[in-house]
Amino acid sequence: ATTTETSSRAPSSTTSAASQHCDDKPAGWVDSDGDGCDTYEAHEWCLPDGSAGPWFGGDFERFANDGHTALTACCACGGGERSGD
């Protein structure tokens, strides 16, 4: 099922977020299926606010690996390590 909320959402960006730097942590993280942060971002499986994207139909915990999910490891999913101002 597709939610109508996502169709009207603009990409999230603010002045403070634009000046921050983020690194995926741990570097090179992949989920239990071998998909990395770049794949989550490219397929819109998650959103920068930490919610599931329109194309993700599962439970992030189900794909946890090395003590992380995409929500904690990937900048594109609201995780990673942010620095700067």
Visitor: Test of understanding: with side chain to side chain contact (heavy atoms under 4.5 Å, CB included), list the residues that count as partners of Asp38, not counting sequence neighbours.
Guide: none
Visitor: Using atom types as modelled and distance alone, determine if a side-chain donor or acceptor of Asp24 lies under 3.5 Å from a backbone N or O of Gly80.
Guide: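 Such a contact is absent between Asp24 side chain and Gly80 backbone.
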Visitor: Sorted by first residue and then second, give each disulfide (SG to SG under 2.5 Å) pair with at least one member in residues 28-59; sequence neighbours left out.
Guide: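 Applying disulfide (SG to SG under 2.5 Å) to every pair that reaches into residues 28-59, excluding sequence neighbours, yields Cys37-Cys74, Cys46-Cys77.
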Visitor: Sequence neighbours excluded, which residues qualify as side chain to side chain contact (heavy atoms under 4.5 Å, CB included) partners of Thr69?
Guide: Phe60, Glu61, Ala64, Leu71, Thr72
Visitor: Does Ser32 have any side chain to side chain contact (heavy atoms under 4.5 Å, CB included) partners at least two apart in sequence or in another chain, and if so, which?
Guide: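 For Ser32, the residues satisfying side chain to side chain contact (heavy atoms under 4.5 Å, CB included) (neighbours in sequence not counted) are Phe63.
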Visitor: Answer with yes or no whether the hydrophobic clustering places Phe56 together with Val30; edges join I, L, V, M, F, W, Y residues whose side-chain heavy atoms lie under 4.5 Å apart.
Guide: no
Visitor: Please name all residues satisfying side chain to side chain contact (heavy atoms under 4.5 Å, CB included) with Glu44, sequence neighbours left out, ordered by chain then number.
Guide: Pro54, Trp55
Visitor: Answer yes or no: is there a donor N or O on one side and an acceptor on the other, between the side chain of Asp23 and the main chain of Glu81, under 3.5 Å?
Guide: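 It does not hold such a pair.
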Visitor: Considering residues at least two apart in sequence or located in another chain, which fulfil the side-chain hydrogen bond (donor to acceptor under 3.5 Å, both in side chains) criterion with Asp31?
Guide: Tyr40
